[in-house]
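Shown next, in structure tokens, is the structure this report addresses.
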Amino acid sequence: MHTPYILIIYTGGTIGMIKNPKSGVLKAFNFKNLLNKIPELQLLECKITTTSLKKPIDSSNTNPKTWIEIAEVIEKGYDKYDGFVVLHGSDTMSYTASALSFMLENLAKPVVLTGSQLPIGDLRTDAKENLITSIQVASLQKNNKPYIKEVCLYFEYKLYRGNRTTKINAEHFEAFASLNYPELAESGVHLKVNDDQLYRPNTRRKLKVHKKMNSNIALVKLFPGITKEVLTATFSASNLKGVILETYGAGNCSTEKWFINLLKETLGKGIPIVNVTQCSGGSVSMGLYETSTQLKKIGIISGRDITTEAAVAKLMYLLQSQLSQIEFKNAFETSLRGELS
Ligand code: ASP
């Protein structure tokens, strides 16, 4: 078997943070210390190289520039390495995983995002297991080729499709969930891969890295009593290019006239609106209730069972392609990287 070459890309986050002994505040530290902290890494049957973003960050400071920087590191090392492990803060890890899944078209190698709830230097840290197993996942091979060929997220014994995940807990080690798609693998005594659930890209196509994301979008979460003033102001923001509407249940919302008219006007300006549910699991099904029939009629896009994180990334990604309104709707409602059922 050929020894897999793995590139670890450190972007920041708790996994590589250290506590200031005086103030107790967590701060990013030099990545080189990470490998010193885990000598066990040398026992793995792969060759590890490490690199780091120019300036490691707390993932709450992530923006599309960060995604582009990560994508470029992967692009540069794509021929040389068999797999990539991206160490990332958990706060926005699902957004980054989703964004990378769209940006890395025809990806045929594993890109595994992981992080931890406790710093690597902490006695009770979850960082070691997450890091070691992520490297093992990235090293998996079948017929001398990478076994996993997609962007995934590993945390607390589970490997998920990255663009299906959501951060669900700020304290538990089990910080992520993928409510609309089964786990890709589970780590116990053995690493059990759910072969049927893996993404199968067309491996004859070459990797294409998309480096433009349009972040002129709004994410609007509805709540009972939301006012016309606030919504009108949001929808008339200058340079607004797309909206994600987080609706209730199976994609329902108020039927008040002013609200529907506002949506119609926005669509009329060529601004696509995507309907995503506020529920953590399940799907939008416009037309199931009277409270969503209007949305379907006026041409709102169905996000179906997409996560809000993946919807944000997909909207930013698709807004960069020159699609007509109809093509845009079709593209959004089609699964591009396994983000929709
Ligand atoms: N605030 C940290 C971050 O997302 C939390 C973590 O690493 O889990 O960068």
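Every number for a ligand or one of its atoms is a count from 1 in the order of the listing. This chain uses plain numbering: 1 for the first residue, then up along the sequence.
- A donor-acceptor pair under 3.5 Å is formed between the side chain of T66 and the backbone N or O of N63.
- At the top of the distance list for atom 9 (O) of ligand 1, counting protein heavy atoms only, stands S59 N, 2.7 Å.
- A donor and an acceptor atom, one from each side chain of K167 and S90, are located under 3.5 Å apart.
- The only option from E339, E183, E150 that meets the side chain to side chain donor-acceptor pair (under 3.5 Å) definition with R161 turns out to be E150.
- The protein atom (non-hydrogen) at minimum distance from atom 1 (N) of ligand 1 is D91 OD2, 2.8 Å.
- Taking atom 8 (O) of ligand 1 as the reference point, the nearest protein heavy-atom neighbour is S90 OG, 2.4 Å.
- Remark: ligand 1 and Q117 share no N or O pair separated by less than 3.5 Å (distance only, no angle test).
- Annotation: cation-pi geometry satisfied between K109 and Y78 (NZ/CZ under 6.0 angstrom from ring centroid, within 45° of ring axis).
- Given atom 6 (C) of ligand 1, the protein heavy atom at minimum distance is T14 OG1, 2.9 Å.
- Residue F176 is tested with Y157, Y160, F155 for a ring-ring contact (aromatic ring centres under 6.0 Å, His included); the sole match is F155.
- At least one donor-acceptor pair under 3.5 Å links the side chain of Y181 to the backbone N or O of Q197.
- Within the 4.0 Å heavy-atom criterion, the part of S116 lying near ligand 1 is the backbone and not the side chain.
- Remark: ligand 1 atoms within the under-4.0 Å shell around heavy atoms of G13 are 7 (O), 9 (O).
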